[in-house]
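For reference, the structure is listed below as structure tokens.
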Amino acid sequence: MITVLLDSSNTKLTVGLSKEKEIIDFVSYEAWQQQSEFMVDELNKLMDKHNFTRNDIKDIVVSVGPGSYTGVRIAITIAKVMALALSIPVYEISSLRVLKDDNKESICLINARSGRSYFGVYQGEKIILGDQIKTNEEVLSYIKEHPNYSIMGDVKYLNLDSRDSNICKQMILLKDYLKPSQDCLSIKPVYMKD
């Protein structure tokens with residue numbers, strides 16, 4: 001039995017398959033404003049490549065935001081449809097939290113536009129600072145105060161370098177700390193407002 005991993009919350013499309021806490025395979029690439037065109041197709045390709053059928057799927061882990069307004073809804077919608085059709089559970093996870101750097105303190109960022117960032121700080125399974133919106137100036141100040149923390153996410157908009165995240169790996173590592181949604185229809189995108 002396998003776990004399907006889905007994220008379309010930012011500029012990348014990420015789809016993965018996992019079995020017994022090991023990543024079987026995944027795809028992750030830039031697909032800004034095209035995730036809806038490719039996500040189901042990429043999932044089908046991975047399933048076919050490894051000779052899995054929909055009956056092999058036992059659950060889904062999906063990032064629910066914050067992030068792109070439309071992007072967040074794409075993965076959630078696909079997860080809901082699959083959960084309803086297959087009567088399987090869905091685990092919801094923060095789009096920021098899956099960016100973390102394994103067990104190292106990690107400042108996780110997504111561009112929230114208008115001089116702001118979606119911001120969260122994590123270490124392993126611990127949440128140091130939960131998801132929030134900060135001005136880019138506040139983010140840069142926090143980074144300066146914590147020079148040993150990893151900076152994770154696509155932070156070119158801040159003129160910074162970051163490490164690449166393995167979103168699928170983090171989804172599987174964190175799944176044990178999540179509870180499945182009681183009703184997949186109640187899953188809602190996380191849109192942060194000031």
With sequence neighbours excluded, give me every ring-ring contact (aromatic ring centres under 6.0 Å, His included) pair touching residues 53-84.
Y69-Y191
With the side chain counted from C-beta on, respond yes when Y118 and D131 share a heavy-atom pair under 4.5 Å apart, and no when they do not.
no
Among all residues two or more places apart in sequence or in another chain, which pass the ring pair (Phe, Tyr, Trp, His ring centres under 6.0 Å) test with F119?
Y142
So L96 and I110, do their side chains get closer than 4.5 Å, heavy atoms only?
yes
What distance separates I133 CD1 from S114 OG, expressed to the nearest 0.5 Å?
10.0 Å
Applying side-chain contact (heavy atoms from CB on, under 4.5 Å), name anything that partners N44, two or more places apart in sequence or on another chain.
V40
Of all residues at least two apart in sequence or in a different chain, which pass the side chain to side chain donor-acceptor pair (under 3.5 Å) check with Y29?
E42
Residue set satisfying ring pair (Phe, Tyr, Trp, His ring centres under 6.0 Å) with Y149, at least two apart, ordered chain then number -> H146
For T14 and S28, which I'm curious about, is there any donor-acceptor pair between the side chains at under 3.5 Å?
yes
Identify, with sequence neighbours excluded, every residue that meets side-chain contact (heavy atoms from CB on, under 4.5 Å) alongside L84.
C184, L185
Who passes side-chain contact (heavy atoms from CB on, under 4.5 Å) against E30, sequence neighbours left out?
T11, K12
Should we say atom CG of D161 is surrounded by more than 12 heavy atoms from elsewhere, each under 6.0 Å from it?
no
Separation of K49 NZ from L17 CG (nearest 0.5 Å):
9.5 Å
Can you check whether E137's main-chain N or O pairs, donor with acceptor, with S141's side chain at less than 3.5 Å?
no
Hey, are the side chains of L174 and Y91 touching, using non-hydrogen atoms and a 4.5 Å cut-off?
no
Can you check whether G130's main-chain N or O pairs, donor with acceptor, with Q132's side chain at less than 3.5 Å?
yes
Side-chain donor/acceptor of K80 to backbone N/O of I187, under 3.5 Å
yes
Pair listing, salt bridge (charged side-chain N to carboxylate O under 4.0 Å, His left out) test, anchored in residues 163-183, at least two apart
K21-D176, D59-K175, D101-R163, D102-K169
Under a 4.5 Å cut-off applied to non-hydrogen side-chain atoms, are V15 and L46 in contact?
yes
Look only at the side chain of D48 and the backbone of K45, and say whether a donor-acceptor pair between them is shorter than 3.5 Å.
no
Side-chain heavy-atom pair I107, Y122 within 4.5 angstrom cut-off:
no
Can you measure from CE (M82) to CD1 (I88) and round to the nearest 0.5 angstrom?
5.5 Å
Excluding sequence neighbours, so at least two apart, what forms side chain to side chain donor-acceptor pair (under 3.5 Å) with K126?
none
Taken in chain and number order and not counting sequence neighbours, the residues that satisfy side chain to side chain donor-acceptor pair (under 3.5 Å) with S106 are none
I74-I93 co-clustered via ILVMFWY side chain contacts under 4.5 Å
yes
Using the side chain to side chain donor-acceptor pair (under 3.5 Å) criterion, which residues pair with S8? Sequence neighbours excluded.
none
Does the side chain of P66 come within less than 4.5 Å of M192's, by heavy atoms?
yes
For atom CD of Q182, decide whether the heavy atoms of other residues, nucleotides or ligands shown that lie under 6.0 angstrom number more than 12.
no
For residues S117 and Y157, is any side-chain donor paired with an opposing acceptor at under 3.5 Å?
yes
Okay, side chain of R97, backbone of E125: is any donor-acceptor separation there less than 3.5 Å?
yes
Side-chain touch L158/V139, heavy atoms, less than 4.5 angstrom
yes
Within the structure provided, determine whether V64 and S95 are in side-chain contact (heavy-atom separation under 4.5 Å).
no
According to side-chain contact (heavy atoms from CB on, under 4.5 Å), who are the partners of N103, at least two apart in sequence or on a separate chain?
none
